[in-house]
Amino acid sequence: MKTPKRYLITAALPYANGLKHIGHLAGAYLPADIYVRYLKAQNREVVFVCGSDEHGTAIPIQATKEGTTAQAIIDKYHPIIEQNFKDLGIEFDIYHRTSDPLHHETASEFFKDLESRGDLETKTSEQYFDAQANTFLADRYIKGTCPNCGHDEAYGDQCEKCGKSLSPEELINPVSTLSGNAPIKKETTHWYLPLNRHEDFLRKWILEEHAQDWRPAVVGQCKSWIEGGLQPRAVTRDLDWGVKVPVAGGDGKVLYVWFDAPIGYISATKQWAINNDKDWKPFWNDPETKLVHFIGKDNIVFHCIIFPVMLKLHGNILPENVPANEFMNLEGDKMSTSRGWSIEMDDYINKWIKKENGGESLADCLRFYLNSIAPESKDSEFTWKGFQDAVNGELVSIFANYVNRTWVLMHKLTNGKVPKIHTELLDEEDQALLLSVKETKEKVTALLEQYKFREAQFEVVNLARLGNQYMQKKEPWILAKHIETDPTAQAKIDNCMHGCLQLSANLAILINPFLPFTAKKMCHLMKVVPKMLEWENAGNFNLLKVGYSLRAPELLFRKIEDEEIATELAQLNANAAAKKTKMENTTPANNGAEANAEKGIAPLKPEIVFDDFGKIDLRVGTIVEAKKVEKADKLLELLVDLGFEKRTILSGIAMHFNPEDIVGKQVTIVANLAPRKMRGIESKGMILMAEDANGKLYFVRPTEAIAAGSTIA
RNA sequence: GGCGAGGUAGCUCAGUUGGUUAGAGCACAGGAUUCAUAACCCUGAGGUCCCGGGUUCAAAUCCCGGUCUCGCUACCA
């Protein structure tokens with residue numbers, strides 16, 4: 001493959017509504033950083049961009065929860081996330097943010113460009129508007145009777161039953177799914193990205209051209225989308241937080257966050273160019289630029305389907321690869337910040353790195369372990385025991401120990417200097433060592449080019465292992481005992497130590513992309529400048545000059561003690577338990593919205609008058625039958641006795657209760673809710689459920705069994 | 001429910017287009033050693049390749065069915 005002229009590497013924009021955990025780190029940022037460091041060691045022209053994604057509805061919602069403004073939320077999290085990355089050695093060339101005016105400008109320009117050339121389905125027309133919800137209705141929010149097959153649950157964009165693509169206007173008797181009312185028509189402009197126009201392009205580009213070099217999960221996911229039939233996707237939204245729609249008719253609308261966020265890669269590149277007095281254009285326009293997106297698997301569709309279509313329409317280059325990682329679990333369960341079951345980067349940094357606890361080397365320990373279990377082909381699992389084993393068993397015992405014993409011996413046996421070589425005494429062991437270094441360099445290079453970072457790192461550690469074996473065979477400490485009797489002893493020692501030192505220099509170069517702080521420290525030990533770490537130097541055995549005196553030995557890593565991981569495990573369980581207690585403690589708080597948010601309490605809805613409440617007819621009912629609805633994961637079909645009648649009611653609780661367990665239970669029913677059909681079954685009423693912040697559901701019911709049909713007020 | 005990706009040693013994972021006895025590291029057991037952070041080095045034990053069929057001289061690998069995990073999607077009035 002021809003070497004690209006330049007590289008543009010992106011890592012998924014973290015959503016700025018909270019702290020990010022080590023699963024995020026392992027999924028996108030660490031692999032991207034390793035790749036970038038490798039490229040930079042080769043003196044390639046590379047720009048590594050990232051930034052905070054600060055738009056979308058979740059930010060204003062988070063603001064309401066915390067009793068503050070959207071701006072305050074992003075201003076709080078953006079700098080923390082940025083600093084966390086720095087502390088862990090994730091070295092972006094630019095960490096930008098989508099709230100920046102430059103981004104707004106860039107996203108606007110992008111939108112206007114597509115719009116002006118008719119690449120968006122720009123329709124100014126009458127559209128359905130829900131007067132009660134005071135919003136225009138996207139196609140999906142309208143249901144009605146299909147003009148094709150008569151199915152009465154057809155969506156505004158497609159009939160599920162006959163599969164026919166529809167527009168809302170075609171539906172007979174349309175109904176808003178928000179309020180249940182018939183929508184009214186109102187003039188508006190909506191913009192869609194017609195993905196359906198680009199099916200052929202995507203099929204050829206991904207399923208043919210990249211079927212082999214992209215990861216199977218990525219191609220598979222794309223295939224699923226493409227063959228499922230692509231639909232136009234709305235690119236605007238009624239919201240006031242985000243990038244304003246920059247064309248006529250765009251008042252009160254912003255770009256949908258998924259449309260604006262990836263453009264953040266472009267605006268970040270622009271900002272980098274401004275900061276460094278460079279030109280950003282070739283990075284997005286020159287086909288000789290290699291663009292790679294590092295993401296997690298939940299982001300595949302945006303980076304492989306939607307954003308490429310946008311780039312193509314806008315005249316930009318397409319990604320060469322999108323190495324998406326799977327997910328990383330933690331101690332047997334999914335990582336979740338809200339459940340307290342996670343390790344935030346911020347926490348790890350504060351505990352392990354900042355204190356006199358090992359400092360930067362502990363950042364490399366985390367990088368090492370995370371990369372050694374990187375979820376490249378399937379979900380993986382972080383355990384503290386695994387962390388300890390990887391650090392103590394490989395980093396300390398193999399890698400750091402090799403360097404340390406080399407340094408100690410060198411000071412004891414060769415006067416703290418790089419000894420000279422006695423060529424006449426070089427044997428096949430010495431040759432083999434040199435050959436191993438060259439081979440390892442080739443392997444590591446090839447693996448990095450294929451985004452196999454886990455295996456690449458293993459090869460580097462393995463080279464240190466070979467170093468230990470070499471030293472063991474040569475036994476310079478034994479030779480030292482025979483200097484009196486063996487005239488060649490010192491020369492043999494010199495040769496051995498020379499080889500060991502040159503190997504150390506090579507190890508520094510090869511480990512640098514993975515463990516940059518360690519490589520730096522090794523340079524310090526060797527008294528060389530960082531320039532020595534350039535990739536082309538690997539494979540050479542003349543990196544350290546003969547006679548050069550080196551520094552005293554220093555340990556690269558410390559061991560992780562049993563008590564430390566026991567503490568972490570206890571902490572993790574305590575965190576999870578604390579979150580759980582907070583969430584279950586639903587006592588109304590009187591100390592402000594922030595406290596409420598911490599307890600996972602939803603904000604209060606607007607006040608209503610008694611008459612509003614009086615419209616709701618609540619009754620006690622008894623579940624007499626319960627069964628799962630076919631072809632629906634969450635729905636249970638219940639038959640509920642209300643005293644005067646038995647009714648069928650559907651409820652989305654199948655994930656939480658077994659049908660047989662809830663028969664006979666009393667529940668609270670909204671008895672006068674308009675009937676609604678779901679999955680072909682009519683539901684006449686609604687079961688009231690309480691939900692805690694973990695999403696766990698509880699029935700709301702009388703404390704003692706009372707007559708079915710009793711009223712509640 | 002539809003689609004996609006996975007299921008290989010106690011753990012983390014490799015296994016190219018089917019081809020000897022299925023590999024590596026960690027952990028474990030035994031041995032050797034002392035320069036080194038009780039580190040290193042050598043040897044060993046350890047597997048129904050998720051289950052059931054099928055194709056083939058030959059299946060971890062290909063086909064069909066099932067099952068479990070994860071993701072996307074639908075459905076949660």
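Reminder, nothing fancy here: chain letters follow the sequence lines and each chain counts from 1. Just so we're clear, the structure is a prediction, and the values are computed from it rather than from any experiment.
No engagement by Ala480(A) is indicated, since no non-hydrogen atom pair under 4.0 Å with the nucleic acid exists. Counting any heavy atom pair closer than 4.0 Å across all strands shown, Trp407(A) reaches no nucleic acid atom.
When each of rU37(B), rU12(B), rC3(B) is scored by its nearest atom to the side-chain atoms of Leu555(A), the top-ranked nucleotide is rU37(B). Closest to the side chain of Arg454(A), from the set rC35(B), rA36(B), rC13(B), is rC13(B). Counting only heavy atoms from C-beta on, Ala217(A) has its side chain closest to rA5(B) among rA5(B), rG6(B), rU37(B). Between rU34(B), rC40(B), rC13(B), one nucleotide has an atom nearer to the side chain of Asn468(A) than all others, and that is rC40(B). Proximity note for Trp477(A) (side chain, C-beta onward) versus rU34(B), rG71(B), rU37(B): the nearest is rU34(B). Side-chain proximity of Ser224(A) to the nucleotides rG4(B), rC35(B), rU73(B) is greatest for rG4(B). Closest contact between the side chain of Gln472(A) and the listed nucleotides rA77(B), rC41(B), rC70(B) involves rC41(B). You'll find that the side chain of Val408(A) is closest to rA36(B), out of rU33(B), rU12(B), rA36(B). Closest to the side chain of Lys412(A), from the set rU73(B), rG15(B), rC35(B), is rC35(B). Of the candidates rU73(B), rC41(B), rC40(B), rC41(B) carries the atom nearest the Gln469(A) side chain, counting heavy atoms from C-beta on.
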Please walk me through it: do Asp213(A) and Gln450(A) pass side-chain hydrogen bond (donor to acceptor under 3.5 Å, both in side chains)?
CA-CA 8 Å; Asp213(A) 63 330; Gln450(A) 293 169 67; over 6 Å; no

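Leu413(A) has its CG atom 12 Å from the C1' atom of rA36(B), to the nearest Å. Protein atom CD1 of Ile478(A) is 8 Å distant from nucleotide atom P of rC35(B), rounded to whole Å. The distance from atom NZ of Lys385(A) to atom P of rG10(B) is 17 Å, rounded to the nearest whole Å. rU12(B) atom P lies 12 Å from atom CE of Met328(A), rounded to whole Å. In this entry the distance linking NZ of Lys474(A) with C1' of rU33(B) reads 18 Å, nearest Å. Between the P atom of rU34(B) and the OH atom of Tyr402(A) lies a distance of 20 Å, rounded to the nearest Å. The separation between His411(A) atom NE2 and rA36(B) atom P is 14 Å, rounded to whole Å. Residue Asn371(A) contributes atom CG, which lies 13 Å from atom C1' of rC13(B) at whole-angstrom precision.
The base-pairing partner of rC26(B), taking Watson-Crick or G-U wobble contacts with both distances under 3.5 Å, is rG10(B). Under the Watson-Crick or G-U wobble criterion, with both distances below 3.5 Å, rU17(B) is left unpaired in every strand shown. Base pairing of rA58(B) is not made with any nucleotide, judged by Watson-Crick or G-U wobble geometry with both donor-acceptor distances under 3.5 Å. The partner of rA5(B) is rU69(B), judged by Watson-Crick or G-U wobble contacts that both fall below 3.5 Å. The nucleotide rA38(B) finds no pairing partner, because no Watson-Crick or G-U wobble arrangement with both distances shorter than 3.5 Å includes it. A 3.5 Å limit on both hydrogen-bonding distances identifies no Watson-Crick or G-U partner for rA45(B).
Contact annotation: Lys559(A) reaches the phosphate of rA39(B) (side-chain N/O to OP1 or OP2, under 4.0 Å). The side chain of Lys452(A) contributes no N or O atom lying less than 4.0 Å from OP1 or OP2 of rA14(B). Using a 4.0 Å cut-off, no side-chain N or O of Ser380(A) falls inside it from OP1 or OP2 of rC70(B). Arg465(A) has a side-chain polar atom (N or O) that falls below the 4.0 Å cut-off from OP1 or OP2 of rC26(B).
Considering all non-hydrogen atoms of both residues, Leu501(A) and Lys417(A) come closest at CD1-O, 4.5 Å. A pairwise comparison of heavy atoms in Arg619(A) and Leu642(A) identifies CB-CD2, 4.1 Å as the closest pair. Residues Ala552(A) and Leu525(A) share a closest heavy-atom pair of O-CD2, 3.5 Å.
Taking atom C1' in both rU48(B) and rG52(B), the straight-line distance is 13 Å, to the nearest Å. On the P atoms, rG19(B) is 24 Å away from rC13(B), given to the nearest whole Å. Nucleotides rA24(B) and rA9(B) have their P atoms positioned 14 Å apart, rounded to a whole Å. Spacing of P atoms, rA60(B) relative to rU16(B), comes out at 12 Å, to the nearest Å. Rounded to whole Å, the separation between the C1' atoms of rG2(B) and rA74(B) comes to 8 Å. For the C1' atoms, the distance from rC49(B) to rA22(B) is 8 Å, rounded to whole Å. To the nearest whole angstrom, the two P atoms, one in rG18(B) and one in rA32(B), are 48 Å apart. A distance of about 8 Å separates the C1' atoms of rU8(B) and rG47(B), rounded to the whole Å.
Here CZ of Arg647(A) is found 7.5 Å from NZ of Lys684(A). Values are rounded to the nearest 0.5 Å. Expressed to the nearest 0.5 Å, how far NZ of Lys443(A) lies from CD of Glu455(A) amounts to 9.0 Å.
Ring planes of Trp384(A) and Phe387(A): perpendicular class, angle over 60° (limits at 30 and 60°).
A donor atom on one side chain and an acceptor atom on the other are not found under 3.5 Å apart for Glu381(A) and Asn329(A).
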